[in-house]
Amino acid sequence: MATRTSQNSITISREAVRRKGGVVILDLGEYEKLRESAVPTYYLAGKEAEELDNLVREGRREYKAGKTRKIKSLSDLD
């Protein structure tokens, strides 16, 4: 079985590396894991969790009933 090597290369200027303080190269899977772990995860319990569940249920009911509308900015809520 023959092994095939690729001659594709990436050129990064030394000046750009110096200016920005370095370069990191990751495969897409590693990048996705890193990106996901950067967002904090919150777990609610007790009364807070129930209140949030009720708020979500109410919002979904209103959406299904057609009581929601699209807005372009928060100032449209007035």
Drop me the distance from [X]'s [atom1] to [Y]'s [atom2], to the nearest 0.5 angstrom.
X     : Y     : atom1 : atom2 : value
Ile25 : Ile10 : CD1   : CD1   : 5.0 Å
Asp27 : Glu32 : CG    : CD    : 10.5 Å
Ser13 : Arg19 : OG    : CZ    : 6.0 Å
Arg57 : Glu50 : CZ    : CD    : 9.0 Å
Glu48 : Tyr43 : CD    : OH    : 15.5 Å

Pairwise side-chain hydrogen bond (donor to acceptor under 3.5 Å, both in side chains) hits with a residue in residues 65-75, at least two apart: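 Listed by first then second residue: Ser73-Ser75.
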Pair Glu30 + Lys33: basic N to acidic O under 4.0 Å: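 The answer is no: the pair does not qualify as a salt bridge.
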Close side-chain approach of Lys64 to Arg61, heavy-atom, < 4.5 Å: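 No, every pair of side-chain atoms sits at 4.5 Å or beyond.
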Heavy atoms of other groups near Leu74 CG, more than 12 under 6.0 Å: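 Result for CG/Leu74: open.
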Exercise: identify the closest heavy-atom pair between Leu26 and Val24: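 Minimum heavy-atom contact is CG-CG1, 3.8 Å.
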